[in-house]
Amino acid sequence: MTTKELIIQIKKKNSFLCIGLDVDLNKIPQHLLKLEDPIFEFNKAIIDATHHLCVAYKPNIAFYEAYGIKGWQALEKTIKYINKNHPEIFTIADAKRGDIGNTSTMYAKAFFEDLEFDSITIAPYMGKDSVEPFLAFKNKHTILLALTSNQGAFDFQTKQVEGKELYKQVLETSKTYTNSENLMYVVGATKAEYFTEIRKIIPNSFLLVPGVGAQGGNLQDVCKYGMSENVGLLINSSRGIIYASNNTDFAEAAAKNAKDLQQEMETILNK
Ligand SMILES: O=c1ccn([C@@H]2O[C@H](COP(=O)(O)O)[C@@H](O)[C@H]2O)c(=O)[nH]1
């Protein structure tokens, strides 16, 4: 999917919501556990109930890898289900990969070609030759970790390197990479006060913003400081939406929480 197509969807749906599909078998309604593929059935019900309210889905790959081959199969079924039934929805593999060049190329093939995700999250720590293999894929997006939502972000990301915070070095250096137009960045909603500075370096890039809901990030603040001319934000909520209820009404409860966020977004967009 191109960035242009993503922006069209945002305007059409009055939403820049990304729903995180982080399936934990200990948290989903117990009646689903009797089914052949509870992870996929859970995702399918959530997708059927929420697809009109969001523009992106983000399965975090850890929640699938944790269940071995069955988890991987459920991930494949989930992405195929989204691509077949809702091809207009942007898909994000939250995999946080990145390695020496030839290995990065294989990660890129796995997520872009085999699984057909639109984008993948990448750790910038190994630098240019670990990121550029992902950027080489046309109409696919590489979402670089810049300033993450967790407390540990302050261990390295905000430390001064040659007179500048490391996350700023990541933003500036990555702009020089070949095919950098395919870059997006992760910035945590819990770091709203940093968005003004970030926008000075990357005024138009899309930002994937996790941390609203369960981690306490505030949507209004993120939008106030982080929204660009073309919106430029994908706000993620995972647990706050998909675990709204662990009863038979789980999908409707998820849709209600998704709608609350979407309506808040619609109000912001129409201001
Ligand atoms: O900085 C980051 C990067 C990634 N994440 C991931 O996003 C979701 C957030 O889930 P919630 O349940 O809405 O808190 C999850 O998959 C994280 O691994 C992040 O939180 N922060």
Side-chain angles (χ1 to χ4, degrees), residues 15-28 39 42-43 46 50 53-67 71 74-75 78-79 90-98 111 117 119-125 141-158 165-168 170-171 174 183-195 198 202 205-219 221-222 226 233-246 250 253-254 256-258 260-262 264-265:
S15 172
F16 41 101
L17 177 62
C18 169
I19 298 181
L21 300 173
D22 295 355
V23 187
D24 179 343
L25 289 180
N26 294 314
K27 286 192 179 156
I28 69 173
I39 301 175
F42 178 78
N43 281 344
I46 296 282
T50 61
L53 301 166
C54 67
V55 293
Y57 285 112
K58 181 181 81 63
N60 188 312
I61 305 309
F63 288 83
Y64 299 84
E65 287 174 327
Y67 298 111
L75 175 67
T78 300
I79 183 71
F90 188 73
T91 54
I92 303 168
D94 193 355
K96 302 183 181 71
R97 302 296 152 106
F111 288 98
F117 275 96
S119 67
I120 182 172
T121 57
I122 298 298
Y125 200 68
H141 306 265
T142 300
I143 312 180
L144 215 53
L145 300 181
L147 186 61
T148 56
S149 65
N150 58 327
Q151 189 59 25
F154 298 112
D155 286 356
F156 304 116
Q157 296 164 23
T158 53
E165 289 104 318
L166 183 58
Y167 77 90
K168 288 187 182 172
V170 168
L171 297 174
S174 63
L183 278 170
M184 297 181 177
Y185 299 90
V186 172
V187 180
T190 52
K191 309 277 190 310
E193 66 275 25
Y194 289 81
F195 276 80
I198 288 169
I202 43 158
S205 304
F206 258 85
L207 306 179
L208 169 63
V209 185
V212 164
Q215 297 179 51
N218 180 280
L219 174 66
D221 287 347
V222 170
L233 297 171
L234 289 172
I235 305 282
N236 180 82
S237 176
S238 308
R239 288 167 292 178
I241 292 179
I242 65 174
Y243 300 127
S245 158
N246 72 349
F250 70 97
K256 190 197 165 298
N257 284 11
D260 287 348
L261 273 174
Q262 181 275 324
E264 214 179 322
M265 290 175 182

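Remember, it's 1-based here, ligands and their atoms both numbered in the order they're listed.
- Nearest-residue assignment for atom 17 (C) of ligand 1 (options Leu21, Asn60, Val209; heavy-atom criterion): Asn60.
- The nearest heavy-atom contact from the protein to atom 6 (C) of ligand 1 is Asp94 OD2, 3.5 Å.
- Listed by number with element, the atoms of ligand 1 under 4.0 Å from a non-hydrogen atom of Pro210 are 1 (O), 2 (C), 3 (C), 4 (C), 5 (N), 7 (O), 19 (C), 20 (O), 21 (N).
- With hydrogens and angles left out, the side-chain atoms of Tyr64 and Thr78 include no donor and acceptor closer than 3.5 Å.
- For atom 13 (O) of ligand 1, the closest non-hydrogen atom on the protein side is Ser238 N, 2.9 Å.
- Here Asp22 has side-chain heavy atoms under 4.0 Å from ligand 1, and that is the only part of it that gets that close.
- Near Lys58, meaning under 4.0 Å from any of its heavy atoms, are these atoms of ligand 1: 6 (C), 7 (O), 8 (C), 15 (C), 16 (O).
- Protein heavy atom closest to atom 12 (O) of ligand 1, with residue, atom name and distance, is Arg239 NE, 2.6 Å.
- Nearest protein neighbour of atom 20 (O) of ligand 1, counting heavy atoms only, is Gln215 NE2, 2.7 Å.
- Scanning all protein heavy atoms for the shortest distance to atom 1 (O) of ligand 1 gives Ser149 N, 2.8 Å.
- Phe154 carries Lys191 over the face of its six-membered ring, with the cationic atom under 6.0 Å from the centre and within 45° of the normal.
- For CD of Glu193, the number of neighbouring non-hydrogen atoms (other residues, nucleotides, ligands) closer than 6.0 Å is greater than 12.
- For the ligand labelled ligand 1, residue Asn150 lies outside the 4.0 Å heavy-atom shell.
- Using modelled atom types and a 3.5 Å distance limit, the side chains of Gln215 and Ser149 yield a donor-acceptor pair.
- If you number the atoms of ligand 1 from 1 as listed, the ones under 4.0 Å from a heavy atom of Thr148 come out as 1 (O).
- Looking at Phe117, Phe206, Phe111, Phe90 one by one, the single match for ring pair (Phe, Tyr, Trp, His ring centres under 6.0 Å) with His141 turns out to be Phe90.
- Remark: Tyr185 OH to Leu207 CG distance equals 9.5 Å, nearest 0.5 Å.
- In this structure, Leu261 CG and Ile235 CD1 are separated by 9.0 Å, a value rounded to the nearest 0.5 Å.
- Under a cut-off of 6.0 angstrom, the local environment of NZ in Lys96 is crowded, with over 12 non-hydrogen atoms contributed by other residues, nucleotides or ligands.
- Lys96 NZ, 3.4 Å is the protein heavy atom nearest to atom 4 (C) of ligand 1.
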